Amino acid sequence: MKLQVLGCSGGIGAGNRTTSLLLNDNLLIDAGTGVGDLGFDALVKIDHVFLTHAHLDHIACLPLLLDTVAGSRNRPVTVHATQATIEVLQRHIFNWQIWPDFSTIPDSANALLRYQVLETGDEVILPGVTIRALPALHTVPAVAYQLDSGTASVVFSGDTDDCTPFWESVNAIANLQTLIIETAFADHEETLARASRHFTPRRLLAALGQLRHQVDIRITHLKPADHEQIMLELLRDNGTSFAISRLHAGQIITF
Ligand SMILES: [Zn+2]
Ligand SMILES: [Zn+2]
């Protein structure tokens with residue numbers, strides 16, 4: 001399995017793309033602005049989109065992706081998400097006002113957009129990979145994902161605050177190789193981070209006390225204004241033995 005980082009920033013601006021990961025050639029985890037760097041031939045290959053939650057930085061390119069490939073595909077794009085997330089998309093995005101309802105285009109029986117509900121604990125088995133929805137804790141309903149190739153797993157936290165069920169799920173993964181986890185805000189923004197249910201370095205380092213595996217930890221979703229400060233705070237004498245590094249757009253994780 002090859003997981004390519006298309007975007008992993010908590011904002012936009014030169015060089016920054018919001019959250020999206022491409023698994024092999026045909027599956028996206030979230031559909032933030034990083035998707036916009038893919039060429040048309042790559043966009044047409046996307047068969048599945050797994051969404052962590054409905055926030056704009058994670059779905060921004062989904063409507064534009066569908067519009068771009070409409071007419072060039074003979075099978076649907078399946079969007080996997082919780083019922084709550086799907087309802088937000090239906091009500092607020094694909095409502096014929098913000099964007100056309102691609103779940104009825106060209107008609108309901110042959111629609112380009114197909115929704116597939118998955119809730120925490122569910123798994124989707126696809127060729128070469130099993131994807132499991134794990135608990136997360138955010139201001140809106142959200143999940144994390146485990147991508148399991150059979151020999152190794154990568155966990156992507158999505159947007160989350162500290163969440164004991166998340167750590168319990170992660171600790172139960174025997175073949176865990178890499179944990180991609182967010183740290184959106186620097187320590188001086190802790191009030192905002194708590195209110196918006198994101199991690200700060202201090203709170204992530206404390207939460208890592210619950211992690212029982214020695215795994216590679218990659219940090220994502222850093223707010224551009226404080227990205228250097230966030231990494232400095234994470235890498236200071238942090239009292240943990242984990243290998244922590246920053247995720248970058250363009251990185252490829254094989255597992
Ligand atoms: Zn969010
Ligand atoms: Zn986000």
Side-chain angles (χ1 to χ4, degrees), residues 3-13 15-23 28-37 49-65 79-94 98 118-120 133-147 154-163 165-166 169 179-187 189-201 203-204 207 217-227 229-231 234 246-249 251:
L3 185 66
Q4 180 182 351
V5 182
L6 303 179
C8 59
S9 176
I12 61 167
N16 292 320
R17 307 284 187 273
T18 71
T19 304
S20 188
L21 306 166
L22 176 65
L23 183 64
L28 291 176
I29 307 292
D30 282 340
T33 66
V35 176
D37 289 336
V49 181
F50 285 75
L51 296 177
T52 57
H53 64 301
H55 277 163
L56 190 61
D57 54 324
H58 299 252
I59 66 156
C61 273
L62 177 61
L64 301 167
L65 164 68
V79 170
H80 305 258
T82 64
Q83 184 65 41
T85 294
I86 290 171
E87 286 177 7
V88 170
L89 294 176
Q90 292 171 323
R91 187 176 312 130
H92 299 295
I93 302 291
F94 298 107
I98 296 294
L118 99 172
E119 303 293 348
T120 300
L134 308 182
L137 179 63
H138 198 35
T139 53
V140 295
V143 295
Y145 285 114
Q146 175 193 358
L147 317 177
V154 173
V155 166
F156 171 59
S157 75
D159 288 4
T160 192
D161 201 344
D162 193 14
C163 174
F166 170 78
S169 298
L179 170 60
I180 302 171
I181 190 160
E182 69 120 298
T183 309
F185 291 103
D187 284 336
E189 297 276 30
E190 182 165 332
T191 302
L192 178 57
R194 283 181 181 272
S196 57
R197 293 219 188 270
H198 285 289
F199 273 117
T200 59
R203 297 188 63 243
L204 177 63
I217 296 176
R218 309 281 178 98
I219 304 300
T220 183
H221 210 288
L222 296 81
K223 292 292 182 185
D226 278 328
H227 62 108
Q229 181 68 21
I230 292 167
M231 289 311 301
L234 279 169
R246 182 178 175 182
L247 197 69
H248 289 282
Q251 269 184 347

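Throughout, residue positions are numbered sequentially from 1 according to the sequence presented. Source: prediction; values computed, not measured. Whatever order the structure lists them in is the order used to number ligands and atoms, beginning at 1.
Side chain of Gln251 to backbone of His248: a donor-acceptor contact under 3.5 angstrom is found. Between the side chain of Thr160 and the backbone N or O of Ala136, no donor-acceptor pair lies under 3.5 Å. For Lys223 (side chain) and Phe185 (main-chain N/O), no donor-acceptor pair under 3.5 Å exists by modelled atom type.
Among protein atoms, those of element N, O or S found less than 2.8 Å away from the Zn ion (ligand 2) are Asp57 OD2, His58 NE2, Asp159 OD2, His221 NE2.
For the residue pair His55 / Asp159, no side-chain donor-acceptor distance below 3.5 Å is found, with atom types taken as modelled.
Residues forming a ring-ring contact (aromatic ring centres under 6.0 Å, His included) with Tyr145 (at least two apart in sequence, or on another chain): Phe50.
Among heteroatoms of the N, O or S kind in His138, NE2 lies nearest the Zn ion (ligand 1).
When Leu28, Thr33, Asp37, Asp30 are each tested for a side chain to side chain contact (heavy atoms under 4.5 Å, CB included) with Leu6, only one passes: Leu28.
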